[in-house]
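One structure is given below, encoded as structure tokens.
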Protein chains: 2
Amino acid sequence: MSAPAVRRTRAKRGSGDLLREEIVAAAKRLLAEADRADDVSMRAVADAVGVTTPSIYLHFADKQELLGAVVADVFRELDVAMLAAAADESTPMARLRSYGLAYIRFALDHREHYRLAMLDPCPKPNVEVDEVLHSAAFSHMQATVEECVAAGIFQGDPLAITFEMWAAAHGVAGLVIAKPYLPFGDVEEFADRCLCVAALGHVVRPLLGADPAPEAIVGWLARQRA
Amino acid sequence: MSAPAVRRTRAKRGSGDLLREEIVAAAKRLLAEADRADDVSMRAVADAVGVTTPSIYLHFADKQELLGAVVADVFRELDVAMLAAAADESTPMARLRSYGLAYIRFALDHREHYRLAMLDPCPKPNVEVDEVLHSAAFSHMQATVEECVAAGIFQGDPLAITFEMWAAAHGVAGLVIAKPYLPFGDVEEFADRCLCVAALGHVVRPLLGADPAPEAIVGWLARQRA
DNA sequence: GCCGCTAACTTAACGCCGCTAACTTGACCG
DNA sequence: CGGTCAAGTTAGCGGCGTTAAGTTAGCGGC
């Protein structure tokens, strides 16, 4: 296992970026196999590519940057997954639900990548990952929230509402990833309930005034029942 | 800094547990100062206590167990904080809100500890931490949710609802910890909105039937306005 | 009073890690 | 054909978690 699996042939003069892609690919594979990020060492990645460790540093400043590139690469698929999930939905609310479910499913299908992207210490914010997340998950969510606002289903600042929906989805993903042994029951249903509750909350809140106190909620409920 | 700060005197025959507490205390302090868990090394902890590194392994199997003990220790305060926050609230809904806000505030005030407890890889689930979390945060939440169900404010399985509320609170905490530079605005208000929306969602959901489809929600809203 | 036992440590070291400095090789250009 | 410089390599530093084996100090028993 420690012997260099296969010695690559040196890259042609012009293109050292070739190696860069090979490194990312190898790291991506190793990260998917391992279940902890620090089990993937620079030495292991180099070995998988068939190159010595310091060569990696010709293409990435440090390990964080390499992992950032890997995670960004994985999360580019999220865009596709979310669009595909919502392709058949015709109403904004249905799309919002599909987006949320797809987001959570993606997170659970790529736990280590999600952890690196969304659950890790952030000495310096990982620009590449954040860009991908923004352009994929976030922008779809935001656009759909804006549709909901335009349709009068939601009221308020779309950006704030998007963050709130994101927090709801992230909460489900994070909780299930961190504590998978808790009795959530079927995870997909759990996720659906959480998202549904969040969406419902946003729908109802305007009916109660801007910032409803707990008592106001109970009072409203009583009037509803009457 | 590398010289042993102060050499402790050897513990008496009966009580080696004395050192255990000193180690936890030192690790707790170092962890609060550092802002990444792996910046706290076993060597640094040993040095702070005034002992050599292997001595730690007389009391803890490995680093994870030590950090687990530290985190559990910190989270014992969460119980107090949550009770204090809700002390003046007289209705279940108000308590639920206070609990949630206190939980999020605690998480943000102890980011690294919260990360270790709730955002980290879980090769083996950290029993001690989970016990503390369960006996503090979770049991209060659950009891209050049960009150809400008893009062007819919520409907459904209290355990499931508690998990859903926990996911909401965890989502806010996790998102703000991971991406503090995003424009959430005032964090306390953001948290309050998220929790309010989740609670509202749970209040309203029974009015729409068991598992409302997106269109059902929109339809219900239209009827409400009429 | 000293003796052996063992709890409470220490010393020394292993193998891994991320990362760097300094050297070598080989493809291309004139 | 020889110089240049990108694309690697070899060697190694300091730090990490962890372990094996040795040492020291308190305490019960004779």
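No experiment lies behind these values; they were computed from the predicted model shown. Order of the sequence lines fixes the chain letters, A, B, ..., with proteins taken first and strands second; residue numbering starts at 1 for each chain.
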Please list all pairs passing the side chain to side chain donor-acceptor pair (under 3.5 Å) test where one or both residues lie in residues 168-178 of chain A, with sequence neighbours left out.
A:Y114-A:H170
Does a distance-only test, which skips hydrogens and angles, find a donor-acceptor pair under 3.5 Å between the side chain of B:R43 and the base of D:dG15?
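Checked by distance alone, the answer is no.
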For DNA chain D, what string of dots and brackets results from 5' to 3' when Watson-Crick and G-U pairs need both distances under 3.5 Å, crossing pairs get [ ], and pairs with another strand get |?
||||||||||||||||||||||||||||||
Round to the nearest Å and state the distance from [X] atom [atom1] to [N] atom [atom2].
X	N	atom1	atom2	result
B:E21	C:dA8	CD	P	13 Å
A:H59	C:dT20	NE2	C1'	16 Å
B:M42	D:dT19	CE	C1'	12 Å
A:K63	D:dG15	NZ	P	19 Å
A:D39	D:dG17	CG	P	15 Å
A:R36	C:dC17	CZ	P	13 Å
B:E65	D:dG17	CD	P	15 Å
B:D47	C:dC9	CG	P	16 Å

Could you tell me how the ring of A:F163 sits relative to the ring of A:F138: parallel (under 30°), tilted (30 to 60°) or perpendicular (over 60°)?
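Plane angle between 30° and 60°, so tilted.
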Could you tabulate the donor-acceptor pairs under 3.5 Å formed by side-chain atoms of residues 82-89 of chain A, not counting sequence neighbours?
{"residue": "A:E89", "atom": "OE2", "partner": "A:S98", "partner atom": "OG", "Å": "3.1"}

Distance below 4.0 Å between [X] side-chain N/O and [N] OP1 or OP2:
X	N	result
A:S55	D:dT9	yes
B:S41	D:dG15	no
A:T52	D:dT9	yes

Residue [X], side-chain heavy atoms: nucleotide from [options] that is nearest:
X	options	result
A:T53	D:dT10, C:dC19, C:dC9	C:dC19
A:P54	D:dT10, D:dT19, D:dG17	D:dT10
A:Y57	C:dC19, C:dC9, D:dG17	C:dC19

I'd like to check the side chain to side chain contact (heavy atoms under 4.5 Å, CB included) partners of A:V71; sequence neighbours left out, ordered by chain and number.
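Per chain and number, A:V71 pairs via side chain to side chain contact (heavy atoms under 4.5 Å, CB included) with A:F75, A:L116, A:A117, A:V129.
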What residues form a side chain to side chain contact (heavy atoms under 4.5 Å, CB included) with A:K63, not counting sequence neighbours?
A:M42, A:L67
Across the strands shown, which category fits A:D62 at heavy-atom distances under 4.0 angstrom: base, sugar-phosphate, nothing?
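Sugar-phosphate contact only.
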Kindly indicate, with the supporting measurements, whether the criterion side chain to side chain contact (heavy atoms under 4.5 Å, CB included) is fulfilled by B:H202 and A:L200.
CA-CA 8 Å; B:H202 281 109; A:L200 255 181; over 6 Å; no
Can you name the salt bridge (charged side-chain N to carboxylate O under 4.0 Å, His left out) partners of B:D211, sequence neighbours left out?
none
Between A:A44 and A:A61, which is nearer to the 5' end of DNA chain C once each is assigned its nearest nucleotide?
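Counting from the 5' end, the first nearest nucleotide belongs to A:A44.
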